[in-house]
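Take a look at the structure set out below.
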Amino acid sequence: MEPYNPRGIEKRWQERWQKEDAFSVERDASKEKFYLLEMFPYPSGRIHMGHVRNYSIGDVLARFLRMRGYNVLHPMGWDAFGLPAENAAINHGIHPARWTEENIAYMRTQLKRMGFSYDWHREISTCTPRYYRWNQYLFLKLYEKGLAYRKESLVNWCPSCSTVLANEQTEEGRCWRCESVVEKKVLMQWFLKITEYAEELLQDTYRLSGWPEKVLVMQRNWIGKSTGAEVDFPVKDSDKKIKIFTTRPDTLYGVTFMSLAPEHPLAAELTSPERREEVEGFIKQVSSLTTRDREASCKEGVFTGSYCINPLTGEAVPIYVANFVLMEYGTGAVMAVPAHDQRDFEFARQYGLPIKVVIHPPERELNPDGMEEAYTEPGVMKDSGPFTGLPSEEAKEKIVEMLEELRMGKKTVNYKLKDWGISRQRYWGCPIPIVYCEGCGTVPLPYQELPVILPLDVNLTGRGLSPLKGHSFVNTTCPRCGRDAQRETDTMDTFVDSSWYFLRFTSPHTEDAPFKREDASYWMPVDQYIGGIEHAVLHLLYARFFTKAMRDMGLADIDEPFKNLLTQGMVCKETKRCPECGYLSDDECQDGRCKHCGREYATGAVEKMSKSKKNTVDPDSIIERYGADTTRLFTLFAAPPERDLEWSEEGVEGGYRFLNRVWRLVTEHLPLIKDVEPYRGGERLDGPLEEIRHMTHRTIKKVSEDMERRFHFNTAISAIMELVNSLYLWNRDKEDEPARMVLKEALQTVVALLSPFAPHIAEELWEKMGNTTPLYRTAWPEYDPKAIEKEEVLIVVQIDGKVRGKLTVPRDATREDVEERALGDEAIARWLEKRTIRKTIYVEGRILNIVTAQR
RNA sequence: GCCGAAGUGGCGGAAUUGGCAGACGCGCCAGAUUCAGGAUCUGGUGGACAUUGCGUCCGUGGGGGUUCGAAUCCCCCCUUCGGCACCA
């Protein structure tokens, strides 16, 4: 008998799919569309297990939905601009363009070797002028709308990547990519006005019912809306005002000092001559610290020598510069109410500043001297002029009203979200289509001059500012006045590229627009998006913003790009650690010892696969050894998609064993089933055959439901395994025609149900069974509702909640029948000897519980 | 500190609406086949006790509760992971 040979089979079917153009799609109004998208990869060189998992999950759905009759758009492309390409150029002298192209070429073959069913005609790469010209086009549109602007600002600077990072791209004061500690720098920067959409981005999170709550919460936190008031505090003996933001206008009467951020423009200005040295020293010291160190240090501050006036009380309070006040949030100035804010409380205690209680709690009296912490809850107003005695929540509104009347403040909503800084001082990215002219200033390029092509002949050193700075690329003429002018040399953040690529996939070859409107209207929104959670507030927020901005520019007609989102878990594996040599890869281990130093190594925690932990597994080696079908099957079987997956070589073996089992089961029975039709209902079957058919159809139901309702591929696969196991145990004579027909139906079902998971072996067996239409063009099996109903059902009999027996009764048995049978059952009767029946509970077709009292 | 998710055999995990806990897989044990090993097939495999038979008791992180019945619902606590964290 022919053994299972994944290599040959997989190659053969991949060639056939390609030849038959099996997965290309067109707009087709007569079919229901389904846009299935997985986050496209950065072409780093080779795919990793995270990609394999992400794309396997996507491919199962794509293949399943196609068989279900949907017109499935399932594209793939490359997020091809980015720093690693440039670093490769610097370290290995290879041009970023070539490096990227070669990586794409290799990774494309890897994806094809996995058998993923993409429409390769739609492949896009963001580093090609044909793609990025539309980036530039969109940038100009945003500029026209006032949604792109340039300003000097304090930015996050990653010294290792030598470029700016957006707020979203730093984590705990470190670069999201290389983990270097981020510095602060003042630079001229292009920004996109994402804050214009803060409210809508926030509100729509409450409508994205197809997204994981976790991601929505993260986005809401990031947007960070808070409602409060802006209040002006005039500076004493000056015409300056300090504007503050507070969420607690009800505590205005309790202000005892003012705190400014060290970067606040008024900080230096308001400092009196005799305090200048101290204040400037303090500011210098604080601003030399990284964000991270600043957050770690304790509360400190210095008095500026100036005072400001509380607009309601007329009282003068001292102005401090304090290290815990952030210039980035609110107005960079905070009215300090030590009695009702913990930070102000600590600061006041440290510097001996007064504490004034203006809200008292319901059941106790607050004594400023005895307080151990600030009282931050609502309460009743006290010592607050006309507001005394009001509940604080009510006073909040009233005080804001009064401020508005006095023109000293107003109700405000503040967001933590900042505008998106997109300038990057690096080479391998999309040029910003802007020209600087001495006469005309900042001039956007006219649309017909796009694309601004990134020059290829550059000298990359990795030092200094953008490599484009000294290049002839810079020199141009002003589109407005025709005189000599200079191009912008910063390139765009690569997150711009990925903020709209899903739209480009709907019409990737369109040359006169970013995409065709009709195509986008037909395909959008993405019905199912799949990717890692690491983009919860990066890519996923930017893409939502772009979609809304494009809608308002009249380019798209949707509010949200991704209807359903699945965030898959990480691929993990245990780590091995040598006390001498650190982390070890599998190759560095032998017989429990480190190959380098011979010491015994310790088996460590199960952690996300990463090069630094040396616990990665190369997909190529797994495909080589077991084939793509096994690789796919294992990643789908080992855990449900949203959970972390623990890699196990034994588990992979198990998957391979299963496919071999299927292979043998089908090929062994080929002679029997070749010349019959699969059973399709009709003539009556005897008991054992009925049972097989019942199993077959129950499996169809179970697999279909697990696939579409829950994406629980692991349980879907286990159901197929059960069917295979029971077919192996079929030990009666299979020669008669009904048996052969039922067998054929069962085997065809196994193969069809398996096909989204392991498409190559499934196609091969399907063909061997005599089918001429390939599975990818075959409809998904439907179950026969009559076949899944059983003539008899199993009733569990409990006595006082404990299982004491089981009865097989006819499906239509009544409660009385079941009770009678139960009481007549010998084992159950024995349990009832010493008890009196109080009542019985009967759940139809499931359980009979007899509740008793001890006699 | 705040918010969220999770905790089930030796391991990965299942139990869809409150109704037989442990499906399926891995590992392990035994049998068949084999000169042998591997592969394959079959059976067993939560714990304790009993294994002369049926079996009995315990068991889903811990404690309490609701219910005829709880892995599932409620309250308290513990642990792990993730996110946020001077946000005024």
Side-chain angles (χ1 to χ4, degrees), chain A residues 3 171-172 212-218 220-222 224-226 228 244-248 251 259 261 294-299 322-326 328-337 340-344 346-347 414-416 533 536-537 569-570 605-606 633-634 637-640 642-655 657-658 660-661 664 702 705-706 709-710 712 714-725 728-729 731 794-806 826-827 830 838-852:
Chain A
E171 292 159 356
E172 295 190 350
E213 192 57 24
K214 184 162 55 160
V215 174
L216 296 173
V217 167
M218 281 164 78
R220 281 172 209 146
N221 286 343
W222 187 260
K225 179 181 182 176
S226 52
I244 61 100
F245 172 75
T246 180
T247 55
R248 296 294 304 274
T251 63
S259 309
R294 244 167 103 164
E295 280 172 11
S297 48
C298 50
K299 289 172 189 54
N323 65 349
F324 65 90
V325 181
L326 307 170
E328 303 89 75
Y329 185 77
T331 61
V334 182
M335 67 176 205
V337 187
H340 305 294
D341 181 285
Q342 187 57 28
R343 290 153 303 178
D344 298 342
E346 286 168 31
F347 194 87
N414 193 61
Y415 299 93
K416 229 171 70 177
I533 191 137
V537 274
M570 299 182 295
V606 175
L633 192 75
F634 170 72
F637 180 62
E642 65 277 6
R643 261 208 252 179
D644 287 352
L645 179 151
E646 188 184 333
W647 187 266
S648 122
E649 193 74 22
E650 291 80 12
V652 178
E653 297 262 7
R657 241 186 328 252
F658 171 66
N660 269 290
R661 236 166 114 76
R664 280 193 307 269
K702 165 88 177 145
E705 286 175 356
D706 281 355
R709 279 227 297 266
R710 316 193 298 163
H712 277 201
N714 55 336
T715 53
I717 293 168
S718 82
I720 304 173
M721 287 173 167
E722 285 182 75
L723 178 56
V724 169
N725 289 346
Y728 261 88
L729 293 177
N731 61 357
L794 185 75
I795 303 285
V796 173
V797 183
Q798 296 184 334
I799 293 168
D800 296 326
K802 298 201 176 205
V803 180
R804 297 301 182 197
K806 288 166 192 185
E826 196 190 323
R830 227 179 36 237
R838 270 200 300 168
K839 64 170 171 173
T840 59
I841 287 133
Y842 179 63
V843 181
E844 205 183 310
R846 295 198 114 132
I847 205 159
L848 174 71
N849 191 6
I850 303 168
V851 186
T852 71

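Bear in mind that the values here come from a model prediction, so they are computed numbers and not experimental data. Chain identifiers are assigned alphabetically (A, B, ...) following the order of the sequence lines, protein sequences preceding nucleic acid strands; residue numbering begins at 1 within each chain.
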Open item on the list: Can you confirm whether A:N725 sits close enough to A:R661 that some side-chain heavy atom of one is under 4.5 Å from a side-chain heavy atom of the other?
Closed with: yes
- [ ] Would you mind telling me which of B:rU40, B:rG19, B:rA15 lies closest to the side-chain atoms of A:R710?
- [x] B:rA15
Task: B:rU45 and B:rG37, which share atom name C1', separated by this distance in whole Å - done: 25 Å
- [ ] Give the nucleotide from the list B:rU16, B:rA88, B:rC84 with an atom nearest to the side chain of A:K702.
- [x] B:rU16
Task: Side-chain heavy atoms of A:F637 within contact of A:F658, under 4.5 Å - done: no
TODO: Considering only atom C1', compute the distance from B:rA50 to B:rU16 and round it to an integer number of Å.
DONE: 38 Å
- [ ] For A:E649, look at atom CD and say whether over 12 heavy atoms of other residues, nucleotides or ligands are found less than 6.0 Å away.
- [x] yes
Open item on the list: Within the 4.0 Å heavy-atom criterion, would you say A:T247 contacts the bases, only the backbone, or no part of the nucleic acid?
Closed with: sugar-phosphate
Open item on the list: Applying a 4.0 Å non-hydrogen cut-off, can you work out what A:I717 is touching in the nucleic acid: base, sugar-phosphate, or nothing?
Closed with: nothing
- [ ] Counting heavy atoms from C-beta on, name the nucleotide in B:rA88, B:rU42, B:rU16 closest to the side chain of A:E705.
- [x] B:rU16
Open item on the list: For A:K225, is there any backbone N or O sitting under 3.5 Å from a side-chain donor or acceptor partner on A:N414?
Closed with: no
TODO: Report the distance from atom CE of A:M335 to atom CZ of A:R248, rounding to the nearest 0.5 Å.
DONE: 8.5 Å
- [ ] Measure from the side chain of A:R846, starting at C-beta and using heavy atoms only, and say which of B:rG27, B:rG19, B:rU42 lies closest.
- [x] B:rG19
Open item on the list: For a stem of at least 3 consecutive Watson-Crick or G-U pairs with distances under 3.5 Å, i pairing with j, i+1 with j-1 and so on, which stems involve RNA chain B?
Closed with: B:1-7 with B:78-84, B:10-12 with B:24-26, B:27-32 with B:40-45, B:46-49 with B:55-58, B:61-65 with B:73-77
Open item on the list: Restricting to non-hydrogen atoms, name the atom on A:L848 and the atom on A:T840 that form the minimum distance, rounded to 0.1 Å.
Closed with: CD1-CB, 4.2 Å
TODO: Measure from CG on A:D341 to P on B:rA88 and round the result to the nearest Å.
DONE: 9 Å
Task: A:R657, nearest nucleotide to its side chain (from B:rU40, B:rA85, B:rG25) - done: B:rU40
Task: Distance between C1' atoms of B:rC75 and B:rC24 (Å, rounded) - done: 36 Å
- [ ] Could you tell me whether the side chain of A:R846 reaches within less than 4.5 Å of the side chain of A:L794, counting heavy atoms only?
- [x] no
Open item on the list: Side chain of A:V325 only, heavy atoms from C-beta on: which candidate in B:rC20, B:rC24, B:rA88 is closest?
Closed with: B:rA88
Open item on the list: If the threshold is 4.0 Å, N to carboxylate O, is there a salt bridge linking A:K214 and A:E642?
Closed with: no
- [ ] Please examine the side chains of A:I850 and A:D800, heavy atoms only from C-beta on, and report whether any two atoms are closer than 4.5 Å.
- [x] no
TODO: Find which nucleotide of RNA chain B each of A:K802 and A:E650 is nearest to by heavy atoms, and output the residue with the more 5' nucleotide.
DONE: A:E650
- [ ] State whether A:S226 places a side-chain N or O below 4.0 Å from either non-bridging phosphate oxygen (OP1 or OP2) of B:rA88.
- [x] yes
Open item on the list: Within the 4.0 Å heavy-atom criterion, would you say A:N725 contacts the bases, only the backbone, or no part of the nucleic acid?
Closed with: sugar-phosphate
Task: Side chain of A:M721 - closest among B:rU16, B:rA21, B:rG25 - done: B:rG25
TODO: With P as the reference atom in both, quote the distance from B:rC77 to B:rU67 in angstrom, rounded to an integer.
DONE: 24 Å
Open item on the list: Quick check: do A:R804 and A:V797 have side-chain heavy atoms less than 4.5 Å from each other?
Closed with: no
TODO: Run the ring-centre check on A:F347 versus A:F324 and record whether the distance is less than 6.0 Å.
DONE: yes
TODO: Choose from B:rC20, B:rU16, B:rG13 the nucleotide whose nearest atom is closest to any side-chain atom of A:P640.
DONE: B:rG13
- [ ] Among B:rU40, B:rA88, B:rC20, find the nucleotide with the atom closest to the side chain of A:R664.
- [x] B:rU40
Open item on the list: Any non-hydrogen side-chain atom of A:V606 less than 4.5 Å from a side-chain atom of A:W647?
Closed with: no
Open item on the list: Please report the distance separating the C1' of B:rC76 from the corresponding atom of B:rC86, rounded so that it comes out in whole Å.
Closed with: 32 Å
Task: Nucleotide B:rG83, atom P - distance to CD1 of A:I533 in whole Å - done: 9 Å
Task: Spacing between A:L326 atom CG and B:rC87 atom P, to the nearest angstrom - done: 8 Å
Task: B:rG62 versus B:rC78 - spacing of their P atoms, nearest Å - done: 15 Å
TODO: Measure from CE on A:M570 to C1' on B:rU80 and round the result to the nearest Å.
DONE: 13 Å
Task: Min side-chain heavy-atom separation A:I533-A:V215 under 4.5 Å - done: yes
TODO: Let me have a per-nucleotide readout for nucleotides 4-12 of chain B, 5' to 3', with B, S or -, counting only protein heavy atoms under 4.0 Å.
DONE: --------S
- [ ] Pick the P atom in B:rC29 and in B:rG22, then give their distance to the nearest Å.
- [x] 24 Å
Task: Where the chi angle of B:rG83 falls, syn if within 90° of 0 and anti if not - done: anti
Task: Phosphate OP1/OP2 of B:rA14: any A:N714 side-chain N/O under 4.0 Å - done: yes
Open item on the list: Tell me the interatomic distance from A:E642, atom CD, to B:rC81, atom P, rounded to whole angstroms.
Closed with: 20 Å
TODO: Would you classify A:G330 as touching base, sugar-phosphate or nothing, given that sugar-phosphate means primed atoms plus P, OP1 and OP2, and contacts are heavy atoms under 4.0 Å?
DONE: nothing
Task: Distance, rounded to the nearest Å, where A:I799 contributes CD1 and B:rG55 contributes C1' - done: 15 Å
Task: Side-chain N,O (A:R220) to OP1/OP2 (B:rC84) below 4.0 Å - done: no
Open item on the list: Measuring from the side chain of A:R343 (C-beta onward, heavy atoms only), which nucleotide among B:rC86, B:rC58, B:rU16 has the closest atom?
Closed with: B:rC86
Task: 4.5 Å side-chain heavy-atom contact, A:I847 and A:I795 - done: no
- [ ] Nearest whole angstrom, please: distance from the P of B:rC26 to the CG of A:L633.
- [x] 11 Å
Open item on the list: Tell me whether the side-chain N/O atoms of A:R661 come closer than 4.0 Å to OP1 or OP2 in B:rG25.
Closed with: no
Open item on the list: Using a 4.0 Å heavy-atom cut-off, does A:F658 contact any base of the nucleic acid, only the sugar-phosphate backbone, or nothing at all?
Closed with: nothing
Open item on the list: For nucleotides 63-71 of chain B, give me one character per nucleotide, 5' to 3': B if any protein heavy atom sits under 4.0 Å from the base, S if the only such contacts are to the sugar-phosphate, - if neither.
Closed with: -----BS--
Task: Contact nearer the 5' end of RNA chain B, comparing A:G655 with A:R804 - done: A:G655
Task: Salt-bridge contact A:D341-A:R343 (side-chain N to carboxylate O under 4.0 Å) - done: yes
- [ ] Taking atom C1' in both B:rA71 and B:rC20, compute the distance separating them and give it to the nearest angstrom.
- [x] 14 Å
- [ ] Say whether A:T715 and A:D706, considering side chains only, have a donor N or O and an acceptor N or O under 3.5 Å apart.
- [x] yes
TODO: For A:K225 and B:rA88, give me the distance from atom NZ to atom P, rounded to whole Å.
DONE: 14 Å
